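Report on one structure; see the data block that follows.
Naming convention: chains lettered A, B, ... in sequence-line order (proteins, then strands); numbering from 1 in each chain. If you're wondering where the values come from, they're calculated on a predicted model, not measured in any experiment.
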Amino acid sequence: MLALHIPDGFLPPGLALLGWGLALGPLLWALHVAGRRLEDRTLPRMGLLACFVLVAQGLQVPLPGGTSAHLQGSALAALALGPSAAVVVLTAVIGIQALVLGDGGLLTMGWNLVNMALVGVFAATLVERLAQGLPRPARVFGAAWLSVELATLATCLELAAAGTSPLALSLPVMLTTQALVGLGEGLVTLGALRVLRV
Amino acid sequence: MLWVLAFQVALGLVPLGHWVRFEGLACVWLLVCIATRRSPLPLLTRALLVAPFTLAALPDPLRLATVFLRAWLGLAATLWLLAWLGRDELLRSLERLGVPRLLVATVALTLRYFDVLQAERERMVTARLARSAGAPPAWTWRARVTGELAGSLLVRTQARAERVYQAMASRGFDGRPLTAPTAPVAWGQAAGLAAAAALLVACQWL
């Protein structure tokens, strides 16, 4: 996947801190919901599921033209776990990617959380719930595809607001390539949820 | 960790093309590496990972160079943090900073089982490749199979989570996230980092 993880240095400090401000509220809500339902199994489940998302992101998803991309996992986590658990799981994943793997910045982590843990998760959840009139495979596929596209759109807007990359350049390039990635994401999410019978 | 965040802020405040200030900040970072006995060269080399992403700053070469330097030095600082603290101390630092315990414990478990699940994924991919000999099938088929592989991995992960819970419960785990006791920051370390922070501030006048 063309990574949506914005590295440090791409956004001015003020804008980066705004991202943290936007991410903090929903993150604390998700932790509160997860903590309220804390039973013995919650912590090992969430830890191992965050591990799964991190490892599954290493799976190469084949795309047309012989290329491949990496799974994003926002839709899979959202539809398999529910939005609040998915937000916590993806926050852990994005945190590890930034601190341990050097993928995505520390200051810019707020916006990375907004794009992947919030926009990606809630877009997938909303689409799946609102498109109840469609057959389940179409709903799941559409939810996964849209979660990738909307997260990409959000990233482009942030880079443009920072003056790093103009929309005229980033939008056509990133939305087009991520549209292909979204095809793979949709098929993989569909396959995974079918195995889980979710 | 606070020092690294301050370093990122300092980098972000460097105006376009202000190379002298970049040099000053790079020197501060080098001093920190020397003081903590971490070799800067491997960190700088690994931080070059960020280079392809800076193409987003095309077509303005001045902006491209500035964004590259911010991202490169910023990532080098983050890599230094992990190299210096190690994973366990990094997690304790997160807790000291007030990160919710549930999140820190989730991160700890994720790191603990990352290698295990990664090895399992590799075995599953090898098995799938061994069963896929012959003419390359359509990409849609391969994408769906990858999805089923992800689903199988998720089922195995859930089973492993249950085994992990049973092991934790047999050792007295009652559902509340626990982390190791955090020792206060050593005097020398605090003084060194304060000096490094002061140098960062001084660089703003370059």
Side-chain angles (χ1 to χ4, degrees), chain A residues 3 7-13 16 31 34-35 38-52 54-56 58-64 71 76 80 88-89 91-93 95-96 98-100 102 105-107 159 164-165 169-170 184 187-196, chain B residues 4-5 8-9 11-13 46-47 49-50 53 56-58 63 67 70-71 74-75 78-79 82 87 90 100 102-103 105-111 113-114 117-118 121 139-140 142-155 157-158 160-162 164-165 168-169 173-175 177:
Chain A
D8 277 320
F10 276 54
L11 306 177
L31 282 167
L38 198 68
E39 44 179 65
D40 292 359
R41 287 172 169 79
T42 304
L43 179 55
R45 257 190 205 153
M46 287 175 56
L48 271 289
L49 285 167
C51 193
F52 161 78
L54 199 56
V55 168
L59 280 170
Q60 295 278 359
V61 180
L63 295 176
L71 185 71
L76 180 53
V88 177
V89 161
T91 299
V93 169
I96 289 170
L99 286 166
V100 178
L106 294 183
L107 215 54
L159 291 176
T164 302
S165 183
L169 175 67
S170 62
L187 287 171
V188 170
T189 304
L190 200 54
L193 292 181
R194 197 164 67 181
V195 171
L196 291 174
Chain B
V4 171
L5 287 172
Q8 307 290 4
V9 172
L11 281 172
L13 290 173
R46 204 176 143 204
L49 270 175
V50 83
F53 300 104
L58 289 172
R63 187 175 296 278
V67 168
R70 283 181 188 151
L75 181 54
T78 306
L79 293 173
L82 179 64
R87 285 182 185 182
L90 189 66
L102 178 59
L103 194 52
T106 302
V107 169
L109 268 173
T110 304
L111 289 173
Y113 287 97
F114 179 67
L117 245 65
Q118 203 171 28
R121 183 198 68 197
W139 74 271
T140 47
R142 285 185 290 124
R144 185 177 57 79
V145 165
T146 304
E148 290 170 355
L149 193 154
S152 297
L153 185 61
L154 183 51
V155 169
T157 303
Q158 289 179 319
R160 185 180 294 278
E162 180 60 25
V164 167
Y165 160 69
M168 290 166 77
F173 177 67
D174 58 3

Only pairs of heavy atoms separated by less than 4.5 Å count here; which of [options] has the most with chain A?
options: B:Thr78, B:Leu149, B:Val164; answer: B:Thr78
options: B:Met168, B:Arg160, B:Glu148; answer: B:Glu148
options: B:Gly12, B:Gly74, B:Ala150, B:Ala47; answer: B:Ala150
options: B:Leu75, B:Leu111, B:Leu117; answer: B:Leu117
options: B:Leu103, B:Leu109, B:Val4, B:Thr110; answer: B:Thr110

Side chains of [X] and [Y]: does their closest heavy-atom pair fall under 4.5 Å?
X: A:Pro13; Y: B:Leu13; value: yes
X: A:Ser170; Y: A:Leu159; value: no
X: A:Leu107; Y: B:Val9; value: yes

Open item on the list: Rounded to the nearest 0.5 Å, what separates atom OG1 in A:Thr164 from atom CZ in A:Phe10?
Closed with: 7.0 Å

Open item on the list: Just verifying a value: how many Å separate A:Leu11 CG and B:Gln8 CD, rounded to the nearest 0.5 Å?
Closed with: 11.5 Å

TODO: Go through the atoms of B:Leu11 and report whether side chain, backbone, both or neither lie under 4.5 Å from a heavy atom of chain A.
DONE: neither

- [ ] Among the options A:Leu190, A:Val93, A:Leu54, A:Thr91, pick out the one with the most heavy-atom pairs lying under 4.5 Å from chain B.
- [x] A:Leu54

Open item on the list: Out of A:Gly105, A:Ala16, A:Gly102, A:Gly47, return the one with the most heavy atom pairs under 4.5 angstrom to chain B.
Closed with: A:Gly47

TODO: Please state whether the side chain, the backbone, both or neither of A:Ala98 comes within less than 4.5 Å of a heavy atom of chain B.
DONE: backbone

TODO: Select one option (side chain, backbone, both, neither) describing which atoms of A:Leu99 are under 4.5 Å from chain B's heavy atoms.
DONE: both

Open item on the list: If you apply the rule side chain to side chain contact (heavy atoms under 4.5 Å, CB included), what do you find for B:Arg87 with B:Leu82, and how did you get there?
Closed with: CA-CA 7 Å; B:Arg87 285 182 185 182; B:Leu82 179 64; 4.2 Å; yes

- [ ] Look only at the side chain of B:Thr106 and the backbone of A:Met46, and say whether a donor-acceptor pair between them is shorter than 3.5 Å.
- [x] no

